[in-house]
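Worksheet: one structure, shown below.
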Amino acid sequence: MDYASIFAEALETLRTEGRYREFADIRRRCGAFPVAQHFRENGVSEIKVWCSNDYLGMGQNPAVLAAMHAAIDEAGAGSGGTRNISGTTHYHVELERELADLHDKSSALLFTSGYVANEAALSTLSRLLPGCVIFSDEMNHASMIAGIRHGRGPKRIWKHNNLRDLENQLAAYDRDIPKVVAFESVYSMDGDIAPIGEICAIAKQHNALTYLDEVHAVGLYGPRGGGVAERDNVLDAIDIVEGTLAKGFGLMGGYIAASRDICDAIRSFAPGFIFTTSLAPAIVGGALASVRHLKQSTVERIAHQERAERLKGLLRERSLPLLENPSHIVPVMVGDPVLCKALTDALLAEFGIYVQPINYPTVARGTERIRLTPGPLHSDDNMAELVDALDHLWGKLGLNRALAA
């Protein structure tokens with residue numbers, strides 16, 4: 001067996017299809033975001049980042065940084081183990097209490113990432129609930145799909161945000177069969193938003209639990225940053241909320257918030273929780289400061305929405321193919337993997353603008369795009385530079401301006 005040739009051929013296939021990912025070696029400049037340094041073999045240059053999921057710039061917030069420094073001084077670097085073996089610090093306990101309060105639940109449980117939270121929670125639900133059927137929106141994130149698969153129970157895929165299809169599929173099962181309806185609030189690639197209240201009402205009619213991924217909404221929506229469910233005043237209809245600390249809150253980690261028994265059961269049975277070293281105190285301390293800040297401050301959320309709307313308006317003025325949606329997500333459609341990478345390479349090389357191409361399997365083939373993430377720290381000048389560069393390159397590369405029409 002020629003192992004080397006198998007790996008080489010697999011990588012060459014990705015390159016030929018235009019889907020081979022190259023990481024930019026960057027270092028954000030603290031206090032100057034979106035400015036970052038780009039490290040290359042021939043030197044270091046200054047670039048501006050337009051694809052960060054630190055939507056509100058909380059990774060640069062002085063209160064967050066101070067809390068992280070304080071946690072290092074108080075507790076040192078690492079957590080010392082898994083949550084079961086010395087890795088439950090007072091920081092973890094405090095943060096779980098804040099997150100439970102944020103989502104109006106009795107308990108919360110921290111994980112090392114949002115991906116792990118979804119995989120561990122959904123797979124454990126499948127194993128604990130006898131014969132449980134999970135009803136998954138067809139556009140759910142890869143982490144939710146992985147959790148459902150690893151649970152090895154029956155599943156049904158319902159058409160994206162389609163209430164009638166969900167109703168019909170649930171109606172095919174007896175009320176006494178355990179059921180979980182799993183979906184997202186803000187879908188990160190298209191930027192559309194689920195009708196949470198209506199989905200929950202249908203689920204309750206059929207005696208199903210509701211599992212809502214608010215990864216791209218926590219910190220960003222609602223009067224206290226509790227997500228779209230809080231904004232829409234339907235928190236009480238959600239049984240399990242899953243969120244992240246790595247986007248709106250600006251750090252890393254994931255969590256679920258639910259009833260005390262649900263969180264305790266997943267804590268007790270999920271391998272993804274039991275066998276993983278817990279988040280470092282500095283990260284948890286910073287997240288705690290971020291959550292507390294955003295519960296009290298609406299300044300960042302208001303600025304974030306304004307920046308997203310302004311950028312969308314500028315893209316429309318240049319007839320660039322913006323995929324319209326009601327959220328902060330700003331997708332600009334390219335429709336070809338090779339051209340998408342050529343566009344992002346040119347943005348970086350010619351204009352010092354860093355955006356990553358989005359292609360299969362993240363999105364369907366033929367819907368390749370760039371995904372812009374404007375935030376409170378992007379200035380009007382930053383936006384003008386970006387839109388001028390995109391307008392120029394759309395013409396230079398012969399890209400289609402009508403893709404999102």
Apply side-chain hydrogen bond (donor to acceptor under 3.5 Å, both in side chains) to residues His160 and Asp192 and explain how you reach the verdict.
CA-CA 10 Å; His160 179 51; Asp192 54 337; 2.4 Å; yes
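- With Glu214 contributing its side chain and Val228 its backbone, the two residues share a donor-acceptor pair below 3.5 Å.
- The heavy-atom pair separating Lys105 from Leu235 by the smallest distance is NZ-O, 2.9 Å.
- In this structure, the side chain of Ser126 does not engage the main chain of Gly153 through any donor-acceptor pair within 3.5 Å.
- In terms of modelled atom types and a separation under 3.5 Å, the side chain of Arg307 and the main chain of Pro374 share no donor-acceptor contact.
- Taking each heavy atom of Gly59 and Leu65 in turn, the nearest pair found is O-CD2, 3.6 Å.
- When atom types are taken as modelled, the side chain of Glu138 and the backbone of Lys159 share no donor-acceptor pair closer than 3.5 angstrom.
- Proximity of a side-chain donor or acceptor of Glu184 to a complementary backbone N or O of His141 within less than 3.5 Å is detected.
- Between atom CG of residue Leu170 and atom CD1 of residue Ile177 there is a gap of 11.0 Å, rounded to the nearest 0.5 Å.
- Shortest non-hydrogen contact noted between Ala67 and Gly285 is CB-O, 3.6 Å.
- By the salt bridge (charged side-chain N to carboxylate O under 4.0 Å, His left out) test, Arg149 is found to be paired with no residue, residues two or more places apart in sequence or in another chain being considered.
- No donor-acceptor pair closer than 3.5 Å links the side chain of Arg40 to the backbone N or O of Asp25.
- Atom CG of Asn53 is separated from atom OG1 of Thr244 by 9.0 Å, given to the nearest 0.5 angstrom.
- Taking the charged nitrogens against the carboxylate oxygens, Glu368 and Lys341 have no contact shorter than 4.0 Å, which rules out a salt bridge.
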Any chance you could lay out the side chain to side chain contact (heavy atoms under 4.5 Å, CB included) test for His304 and Tyr221, step after step, and finish with the verdict?
CA-CA 10 Å; His304 181 231; Tyr221 295 87; 5.7 Å; no
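- Taking the centre of each ring, His38 and Tyr354 stay at or above the 6.0 Å mark.
- Side chain of Arg369 to backbone of Thr367: a donor-acceptor contact under 3.5 angstrom is found.
- Atoms CG and CG, on Leu56 and Asn61 in that order, are 10.0 Å from each other to the nearest 0.5 Å.
- Between His378 and Lys48, the closest side-chain pair of non-hydrogen atoms is not below 4.5 Å.
- Between the Ser107 side chain and the Ala258 main chain, no donor and acceptor come within less than 3.5 Å of each other.
- The distance between the ring centers of Tyr173 and His206 does not fall below 6.0 angstrom.
- Between the side chain of Asp104 and the main chain of Asp236, no donor-acceptor pair closer than 3.5 Å is present.
- Across Glu17, Glu12, Arg19, a single residue satisfies side chain to side chain contact (heavy atoms under 4.5 Å, CB included) together with Arg15, and that is Glu12.
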Review item, side-chain donor-acceptor pairs of residues 246-255, under 3.5 Å, at least two apart:
residue : atom : partner : partner atom : Å
Tyr255  : OH   : His103  : NE2          : 2.8

Kindly determine whether His293 and Ser290 satisfy side-chain hydrogen bond (donor to acceptor under 3.5 Å, both in side chains), including the steps that lead there.
CA-CA 5 Å; His293 175 86; Ser290 184; over 6 Å; no
Let's go through Asn84 and Thr82 carefully: what are the C-alpha distance in whole Å and the side-chain angles of both, what is the deciding distance for side-chain hydrogen bond (donor to acceptor under 3.5 Å, both in side chains) to 0.1 Å, and is it a yes or a no?
CA-CA 5 Å; Asn84 290 331; Thr82 66; 5.1 Å; no
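- Across all non-hydrogen atoms, the minimal contact from Pro357 to Thr344 is CD-OG1, 3.5 Å.
- Applying the side-chain contact (heavy atoms from CB on, under 4.5 Å) criterion to Phe269, with sequence neighbours excluded, gives Thr124, Leu128.
- In this structure, Arg267 does not pair ionically with Glu96, as no charged nitrogen and carboxylate oxygen lie closer than 4.0 Å.
- Annotation for His216 and Leu220: closest pair O-CD1, 3.4 Å, computed over non-hydrogen atoms.
- Contact check on Lys396 versus Asp391 returns no salt bridge, with no Lys/Arg side-chain nitrogen under 4.0 Å from an Asp/Glu carboxylate oxygen.
- Rounded to the nearest 0.5 Å, atoms CD1 (Ile157) and CD1 (Ile134) are 9.5 Å apart.
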Show your reasoning for whether side-chain hydrogen bond (donor to acceptor under 3.5 Å, both in side chains) applies to His150 and Glu119.
CA-CA 8 Å; His150 291 167; Glu119 193 281 329; 2.6 Å; yes
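- Inter-residue side-chain proximity for Trp158 and Asn168 is flagged as unmet; no heavy-atom pair is nearer than 4.5 Å.
- Not one N or O on the side chain of Asn118 forms a donor-acceptor pair closer than 3.5 Å with the backbone of Ser143.
- Met383 CE to Trp50 CH2: the interatomic distance, rounded to the nearest 0.5 Å, is 4.5 Å.
- Nearest heavy-atom pair across Pro321 and Asn400 is CG-O, 3.6 Å.
- Salt bridge absent: Asp101 and Arg292 never bring a charged side-chain N and a carboxylate O closer than 4.0 Å.
- Residues Ile370 and Leu390 are in side-chain contact: their nearest non-hydrogen atoms beyond the backbone lie under 4.5 Å apart.
- Rounded to the nearest 0.5 Å, atoms CG (Asp261) and CD1 (Ile266) are 11.5 Å apart.
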